[in-house]
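Single-structure report; data block below.
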Amino acid sequence: MIISDVEHFEQERHLWPPAVSRGIDYILNRKLGEAEVGRYDLEGDKGHLMFANVQEVVTRPIEEQMPESHLIYTDIQFLVNGEERLSFYKLHPNAKVVDDKFDSHDIAFYESDPSQQETEILLKPGMFAVCFPSDIHRPNGSITESMSNKKIVIKIHRDLLQL
């Protein structure tokens with residue numbers, strides 16, 4: 001997991017995988033924060049290597065969000081406006097999948113695991129979290145009450161992250 005914000009992007013970008021830096025560049029240089037809700041292809045044939053989903057989401061209590069992970073894509077979860085609680089923990093061998101959609105949508109949902117200490121972060125506009133396939137995460141959590149947020153989720157194919 002990487003957690004940062006656009007304020008520190010230029011100072012930190014050399015520390016991250018190049019594809020993650022390019023994903024943030026796309027958000028900033030293509031002004032995706034001003035884009036309409038939808039999918040935007042960024043790299044590869046039909047965006048299969050990297051694409052952006054511009055979303056408007058309503059936050060809910062974090063306990064109502066199902067923990068999730070991906071196999072093929074790494075997420076950059078970038079908050080445009082509003083605020084969001086995001087929690088995460090590392091994938092472990094005993095994680096129990098309750099809804100496996102890896103083949104059709106590159107996502108699986110997990111049973112909540114009280115034995116796992118979840119780390120929570122508060123995302124504010126301009127902040128982002130990079131969730132790798134080894135990160136089980138719960139996005140779109142409300143802070144105090146539900147609210148509508150605009151966010152961008154950049155999906156980076158694993159082929160772009162291999163050394």
Side-chain angles (χ1 to χ4, degrees), residues 1-4 16-24 26-27 32 35-80 82-123 127-143 145-163:
M1 174 78 64
I2 296 171
I3 303 161
S4 192
W16 306 333
V20 170
S21 292
R22 288 197 312 277
I24 300 300
Y26 286 129
I27 291 170
L32 290 174
E36 295 293 321
V37 170
R39 178 184 161 130
Y40 296 85
D41 296 339
L42 303 173
E43 293 184 18
D45 183 36
K46 296 183 181 173
H48 80 281
L49 290 177
M50 188 184 306
F51 60 94
N53 287 321
V54 177
Q55 306 171 343
E56 288 187 7
V57 297
V58 176
T59 60
R60 303 185 329 205
I62 200 77
E63 302 77 24
E64 294 178 13
Q65 302 292 86
M66 300 256 327
E68 65 182 63
S69 75
H70 313 285
L71 283 177
I72 306 296
Y73 288 94
T74 290
D75 285 356
I76 301 174
Q77 304 237 350
F78 182 94
L79 197 61
V80 176
E83 59 183 17
E84 170 183 327
R85 185 164 40 152
L86 183 142
S87 69
F88 62 94
Y89 56 95
K90 284 299 183 188
L91 183 63
H92 58 90
N94 297 326
K96 182 172 166 87
V97 174
V98 294
D99 190 4
D100 183 340
K101 294 183 179 178
F102 281 136
D103 290 337
S104 62
H105 292 90
D106 188 45
I107 193 168
F109 296 97
Y110 296 83
E111 184 177 273
S112 292
D113 187 346
S115 73
Q116 292 301 307
Q117 177 65 42
E118 291 187 46
T119 300
E120 291 187 356
I121 59 169
L122 170 62
L123 290 179
M127 292 181 68
F128 56 91
V130 180
C131 304
F132 294 97
S134 61
D135 297 319
I136 293 179
H137 54 285
R138 291 190 213 221
N140 307 322
S142 57
I143 306 303
E145 57 187 44
S146 292
M147 66 178 355
S148 181
N149 288 348
K150 185 171 187 181
K151 71 187 298 185
I152 301 163
V153 179
I154 301 282
K155 305 293 273 184
I156 303 171
H157 193 280
R158 65 179 169 207
D159 287 352
L160 294 178
L161 295 168
Q162 293 178 353
L163 299 175

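Just so you know, these numbers come straight off a predicted model, no measurement behind them.
For Glu56, there are no salt bridge (Lys or Arg N to Asp or Glu O under 4.0 Å) partners two or more places apart in sequence or in a different chain. Residues passing the ring-ring contact (aromatic ring centres under 6.0 Å, His included) test with Phe78, sequence neighbours excluded: none. A search for salt bridge (Lys or Arg N to Asp or Glu O under 4.0 Å) contacts involving Lys150 returns nothing, not counting sequence neighbours. A search for side chain to side chain donor-acceptor pair (under 3.5 Å) contacts involving Thr119 returns nothing, not counting sequence neighbours. Under the salt bridge (Lys or Arg N to Asp or Glu O under 4.0 Å) criterion, Arg39 pairs with Asp41, sequence neighbours left out. Taking the side chain to side chain donor-acceptor pair (under 3.5 Å) definition, one finds that Tyr40 meets it with nothing, sequence neighbours left out. Considering only residues two or more places apart in sequence or on other chains, Ser146 meets the side chain to side chain donor-acceptor pair (under 3.5 Å) condition with none of them. By the side chain to side chain donor-acceptor pair (under 3.5 Å) test, Thr59 is found to be paired with no residue, residues two or more places apart in sequence or in another chain being considered.
Nearest heavy-atom pair across Val130 and Asp135 is O-OD2, 4.0 Å. Between Glu84 and Ile143, the shortest heavy-atom distance links the atoms C-CD1, 3.6 Å. Residues Gln77 and Pro139 approach most closely at OE1-CB, 3.4 Å, considering heavy atoms. The two residues Pro67 and Ile136 have their closest heavy-atom pair at CB-CG2, 3.5 Å. For the residue pair Val54 and Ala35, the shortest heavy atom distance occurs at CG1-O, 3.7 Å.
Here CE of Met1 is found 3.5 Å from SG of Cys131. Values are rounded to the nearest 0.5 Å. Note: Leu123 CG to Asn149 CG = 9.0 Å, rounded to the nearest 0.5 Å. Distance check, rounded to the nearest 0.5 Å: OG of Ser69 to NZ of Lys90 gives 11.0 Å. The line from CD1 of Ile152 to CD1 of Ile76 is 10.0 Å long, rounded to the nearest 0.5 Å. To the nearest 0.5 angstrom, Phe88 atom CZ is 13.0 Å from Arg138 atom CZ. To the nearest 0.5 Å, atoms CZ (Arg22) and CD1 (Ile156) are separated by 8.0 Å.
Between His157 and Ile72 the shortest side-chain heavy-atom distance falls below 4.5 Å. You'll find the side chain of Ile3 stays beyond 4.5 Å of the side chain of Leu86, heavy atoms only.
Counting only distance, with no hydrogens or angles, the side chain of Arg158 and the backbone of Tyr73 share no donor-acceptor pair below 3.5 Å.
For residues 100-116, the set of pairs meeting the salt bridge (charged side-chain N to carboxylate O under 4.0 Å, His left out) definition, not counting sequence neighbours, comprises Asp99-Lys101. Sorted by first then second residue, the salt bridge (charged side-chain N to carboxylate O under 4.0 Å, His left out) pairs that include residues 60-78, not counting sequence neighbours, are Arg60-Glu64, Asp75-Lys155. Listed by first then second residue, pairs satisfying ring-ring contact (aromatic ring centres under 6.0 Å, His included) with a partner in residues 97-122 number zero, not counting sequence neighbours.
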For residues 44-53, which side-chain N or O atoms pair as donor and acceptor with protein atoms under 3.5 Å away, sequence neighbours left out?
from  : atom 1 : to    : atom 2 : distance (Å)
His48 : ND1    : Asp45 : N      : 3.3
His48 : ND1    : Asp45 : O      : 3.0

field: Verdict with reasoning, Leu122 to Met127, per side-chain contact (heavy atoms from CB on, under 4.5 Å)
entry: CA-CA 9 Å; Leu122 170 62; Met127 292 181 68; over 6 Å; no
- request: Dump the intermediate steps for side-chain contact (heavy atoms from CB on, under 4.5 Å) on His137 and His70, then the final yes or no.
  value: CA-CA 10 Å; His137 54 285; His70 313 285; 3.5 Å; yes
